[in-house]
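Here the structure is laid out as structure tokens; the discussion comes afterwards.
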2 protein chains.
Amino acid sequence: MSVAIENFVKAIYNNDNHDIKDTKPGNIAKKLGISNAAATDMAKKLAVKDLVNYEKYQKLQLTEKGTKMALNVVRKHRLWESFLFKMFDMSLHDIHREAELLEHQTSDLLADKISAYLGHPKFDPHGDPIPNADGEITTEDTSISLAEATEGKTYIISRLLSDDKEFFDFCAQNEIKYRNIVTVSKQFISNKMTQISIGSNSIVLNEDFTKIIYVDEN
Amino acid sequence: MSVAIENFVKAIYNNDNHDIKDTKPGNIAKKLGISNAAATDMAKKLAVKDLVNYEKYQKLQLTEKGTKMALNVVRKHRLWESFLFKMFDMSLHDIHREAELLEHQTSDLLADKISAYLGHPKFDPHGDPIPNADGEITTEDTSISLAEATEGKTYIISRLLSDDKEFFDFCAQNEIKYRNIVTVSKQFISNKMTQISIGSNSIVLNEDFTKIIYVDEN
DNA sequence: ATTAATTTTTAAGTATGCTTAAATTTTTTA
DNA sequence: TAAAAAATTTAAGCATACTTAAAAATTAAT
């Protein structure tokens, strides 16, 4: 199957499981940077191949076969990200860019070798679960709130959850973004309040405002 | 530039530097598994892009730009082979297959990271030189004759050079082939004669019959 | 509940990278 | 060196994966 097809089923899979809950052609098109017409066209072609259930004007849905393919590509993507993250000093952005290409040119054999080398990890550096070779995926969430972080350890921001303007200003000031790597200094103030320091700035926050994921003992 | 184009210039480069000394469209076509017509067609297109010098019925020649591109792809191929060889227990055949795909989806940045990780090696597991980031290539030959091999060390056969029928029969019997990994046991018999044991069979040979390349201390 | 806005679909067209078949040129060999 | 063989080129055509433009359907808004 072609790169275009793999990216198409992956886009449906990701839209279905993550952020956007709409898998109509237009959303997939936007995600892939192609025209709506091209997306409709592809959807029809993939219906013939039994990868997608297509009905006019309806959401696109992966068949069992299509889901398997998507999981296989996602597995390779997340394995590459994990592997490159471990092996090389590269930004997560660059790593993502490489994985986006490598995922389509990786045999199941090589994927298994990478997985074994890493000790068959269940999550990638972003905290996203890595499907196993059979397409099974761990659904448990390993992310924790920033307040639960251990002093001095390094984490990756997997989500920013807050309705506190002050908090977002703090993030902006420190360039704390989704997928940023941060080292946490903190101090309990009271029951549900913690003072967090990142860089030279600090803020007092209550729990459950920020989702982070543990990455490295460093 | 597309995968098809990268493979095309690579094929010209390899044909020009290795085995076959003919870079007419038919030879390139055979190497790539495409029709002669397709090769002629591509050659004309690449001439427009200043990658290939094309003259009807003549050999195809890479321009400076085309050579640069070929060296860049060859670099990535050989770096991937070196890297996968070091990291994973896979057959050289499988490793070659993976590298053939990965070479086209690897940024210069990642190639440099791999190169640095390996200590900027000058040769890959086959003994082929790895061009550096500027496309410079080491021409010295690190291969040695089998008679020069060190007892108990492991080598890769980079070439079989002999007009001795007995030697080739010996190789056939022991499945010694180009790119085979062998562990050498040997014993000097006289001035130019050495008894080599590979597996349970042995043969008495004079020097300069077999080119091998050092691979591993193992 | 219409109208307006948006989205989806259809239709026609394009670039890439191939194919096969036939014409042309080169190379071999007898 | 002339005929036969082989290779190259030209020509026509195809599949993939897109594009833009216009028609049709859906969704949103007043």
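Remark: B:Lys76 engages B:Asp108 in a salt bridge, criterion side-chain N to carboxylate O under 4.0 Å. Salt bridge A:Glu100/A:Lys10: present, at least one basic N to carboxylate O contact under 4.0 Å.
A donor-acceptor contact under 3.5 angstrom links the side chains of A:His96 and A:Glu81, judged on distance only.
Aromatic ring orientation, B:Tyr117 versus A:Phe88: perpendicular (interplanar angle above 60°, classes split at 30° and 60°).
Of all nucleotides listed (C:dT19, C:dT7, C:dG17), C:dT19 comes nearest to the side chain of B:Ala37. Set against C:dT25, D:dA7, D:dC18, the side chain of B:Tyr57 has C:dT25 as its closest nucleotide. Nearest to the side-chain atoms of A:Met42 among the listed nucleotides C:dT19, C:dT10, D:dC18 stands D:dC18.
Taking atom CG of residue B:Asp41 and atom C1' of nucleotide D:dC14, one finds them 14 Å apart after rounding to whole Å. The interatomic distance linking A:Glu55 (CD) with C:dT8 (C1') rounds to 15 Å, in whole Å. A:Ile28 has its CD1 atom 17 Å from the C1' atom of D:dA17, to the nearest Å. Protein atom CG of A:Asp22 is 10 Å distant from nucleotide atom P of D:dT27, rounded to whole Å. C:dT16 atom P lies 11 Å from atom CG of B:Leu46, rounded to whole Å. Atoms CG (A:Asn7) and C1' (D:dA17) sit 12 Å apart, rounded to a whole Å. The separation between A:Leu32 atom CG and D:dT16 atom P is 18 Å, rounded to whole Å. Put simply, OH on B:Tyr54 is 10 Å from P on D:dT8, counting in whole angstrom units.
The shortest heavy-atom contact between A:Ile12 and A:Thr23 is O-CG2, 3.8 Å.
Place A:Lys49 and B:Gln58 on DNA chain D by their nearest nucleotides, and B:Gln58 ends up nearer the 5' end.
Within the 4.0 Å cut-off from OP1 or OP2 of D:dT16, not a single side-chain nitrogen or oxygen of A:Ser2 is found. Between C:dT10 and A:Thr40, no contact under 4.0 Å exists linking OP1 or OP2 to a side-chain N or O. The phosphate of C:dT8 (OP1 or OP2) has a side-chain N or O of A:Asn36 nearer than 4.0 angstrom. Distances shown here put a side-chain N or O of A:Lys24 below 4.0 Å from the OP1 or OP2 atom of D:dT27.
Within the nucleic acid shown, A:Phe8 has no heavy atom closer than 4.0 Å to any nucleic acid atom. In this structure, A:Lys44 reaches the sugar-phosphate backbone alone: every heavy-atom distance under 4.0 Å involves primed, P, OP1 or OP2 atoms, never a base. Within 4.0 Å of B:Lys45, counting heavy atoms only, lies at least one base atom of the nucleic acid. Residue contacts for A:Ala38: at a heavy-atom cut-off of 4.0 Å it reaches a base atom on one of the strands shown.
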